[in-house]
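Just so you know, these numbers come straight off a predicted model, no measurement behind them. Values reported hereafter were calculated over all heavy atoms of this structure, with side chains retained and with hydrogens, waters and symmetry mates removed.
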Amino acid sequence: MSARMNDRIALPPAGGAHLVVLRNLWVHKGGSPWTMALFSVFEPILYLLAIGVGIGGLVGEVPGVEVPYAAFVAPALLATAVMNSALEETTQTAYAKFAFDRFYHSLAVTPITVSGLVLGEIAWGMLRGLITGLGFLAVVTALGLVTSPWVLLAVPAGLLIAFTFGAAGFLTAGYVRGWSDFQYMQLVMLPMFLFATTFYPVTVYPEPVAAVVRALPLYHAIELVRGPALGQVGPGLLGNAGYLAAVGLVCFLLARRRWRRLLTA
């Protein structure tokens, strides 16, 4: 059944997106959300201990920011942990559902629309990102790396980050031809993780390079979490949020068009 025919069935405005999320929750009902968070935060915790605490013992306070190095790195690792959780659900997991489980093909004969499918999978990625963010926030709080109550803004910030990268991930999954294609994605994600101010401020770069770094989505994600975490709340955060929202919306619209072509061809 085509997406046009599906749109005729009476459904909420989101096109049945909530049903896709409920289905994913049902599939994962054997494990608790905090078990999922534990696996998601294991890698960033290792980075935090090895670099934030280990190398931080040599660095001391970050010049120009005047906070311990571990406290500077922790918000960035929180942002990247949320990003990675959302991407995991909307890239490799989504590709497996499409190419092997043919789950998305089965939805094509239900009242759920293509818009509902795309929204549902992105929302599921956002939920995974939220769980990961809360888990990592609990760890950094226990380690005494929270320096401001404004850090609570990391929760809505994490949802926005998960939306942006979840939408970008689901768009990417629509073009994947095989598992080897995910290596190309790593060619983008790994340099962005290393150079988007995860471990040092953008001021270390010469201005032409800094301008390129400021165009990276992860840079804005890190700024959106790091600012409140360090008690630096200002209008600049609205710019970071607006950038991420715009990127996420464009990726969502493109993903919807791509998946409509894939499922109605």
(request) Could you give me the CA-CA distance, side-chain angles and deciding distance for Lys97 and Arg102, then say whether side chain to side chain contact (heavy atoms under 4.5 Å, CB included) is met? (result) CA-CA 6 Å; Lys97 290 177 182 178; Arg102 297 187 69 82; over 6 Å; no
(message) Using the rule given for side chain to side chain contact (heavy atoms under 4.5 Å, CB included), can you reason through Trp259 versus Tyr104, listing the C-alpha separation, both sets of side-chain angles and the distance that settles it, and then say yes or no?
(response) CA-CA 9 Å; Trp259 281 98; Tyr104 298 148; 3.6 Å; yes
(request) Step by step, work out the salt bridge (Lys or Arg N to Asp or Glu O under 4.0 Å) result for Arg177 and Asp181. (result) CA-CA 7 Å; Arg177 300 162 299 178; Asp181 282 356; 3.0 Å; yes
(message) Test side chain to side chain contact (heavy atoms under 4.5 Å, CB included) on Leu143 and Leu48; report intermediate values, then the result.
(response) CA-CA 10 Å; Leu143 292 175; Leu48 179 62; 3.9 Å; yes
(request) Take Tyr205 and Tyr200, measure what ring pair (Phe, Tyr, Trp, His ring centres under 6.0 Å) needs, and give me the verdict at the end. (result) CA-CA 10 Å; Tyr205 294 116; Tyr200 41 76; 5.7 Å; yes
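A pairwise comparison of heavy atoms in Ala76 and Arg226 identifies CB-NH2, 3.2 Å as the closest pair. Of all non-hydrogen atoms in Gly133 and Val82, the two that sit nearest each other are CA-CG2, 3.8 Å. Across Leu218 and Phe165, no two heavy atoms sit closer than the pair N-CZ, 3.8 Å. Taking both residues in full, the closest heavy atoms of Ala70 and Leu145 are given as CB-CD2, 3.8 Å, listed atom of the first, atom of the second, then distance. For the pair Gly231 and Ser148, the tightest heavy-atom approach, listed with the atom from each and the gap, is CA-OG, 3.4 Å. Of all the heavy atoms in Leu224 and Leu237, the pair that sits closest is CD1-O, 3.5 Å.
No side-chain heavy atom of Pro217 sits less than 4.5 Å from a side-chain heavy atom of Met83. Looking only at side-chain heavy atoms (C-beta outward), Gln92 and Trp179 come within less than 4.5 Å of each other. Counting heavy atoms from C-beta outward, Cys251 and Thr164 have side chains that stay 4.5 Å or more apart. Proximity of Trp150 to Gln232: side-chain heavy atoms (C-beta onward) are nowhere separated by under 4.5 Å. Looking at heavy atoms from C-beta onward, Phe193 lies in side-chain contact with Leu77 at the 4.5 angstrom threshold. Put simply, the side chain of Leu25 reaches to within 4.5 Å of the side chain of Trp124, judged on heavy atoms. For the pair Val225/Ile161, a side-chain contact is recorded, criterion being any heavy-atom separation below 4.5 Å from C-beta on. Proximity of Glu89 to Phe170: side-chain heavy atoms (C-beta onward) are nowhere separated by under 4.5 Å.
A centroid separation of 6.0 Å or more is found between the aromatic rings of Tyr219 and Tyr243. Residues Tyr47 and Phe42 keep their aromatic ring centres 6.0 Å or farther apart.
Side-chain N/O atoms of Glu121 and Asn24 include a donor and acceptor closer than 3.5 Å.
By the rule that hydrophobic residues join a cluster once side-chain heavy atoms approach within less than 4.5 Å of another member, Val213 and Leu190 end up as members of one cluster. Under the 4.5 Å side-chain heavy-atom criterion for ILVMFWY residues, no single connected hydrophobic cluster contains both Val250 and Leu119. Transitive grouping of hydrophobic side chains (ILVMFWY, heavy atoms separated by less than 4.5 Å) keeps Tyr95 and Leu171 in distinct clusters. Taking hydrophobic clusters as Ile, Leu, Val, Met, Phe, Trp and Tyr residues chained together by side-chain heavy-atom distances below 4.5 Å, Val247 does not share a cluster with Leu254. Under a hydrophobic-cluster definition in which Ile, Leu, Val, Met, Phe, Trp and Tyr are linked whenever side-chain heavy atoms come within less than 4.5 Å, directly or via other members, Leu49 and Leu137 are assigned to the same cluster.
Thr110 places no side-chain N or O within 3.5 Å of a backbone atom of Ser106 that could act as its donor or acceptor partner.
To the nearest 0.5 Å, atom CZ of residue Arg260 and atom CG of residue Leu117 are 10.5 Å apart. Considering CG of Leu130 and CZ of Arg128, their distance stands at 11.5 Å, rounded to 0.5 Å.
Salt bridge annotation for Arg214-Glu207: present, with a cationic side-chain nitrogen under 4.0 angstrom from a carboxylate oxygen.
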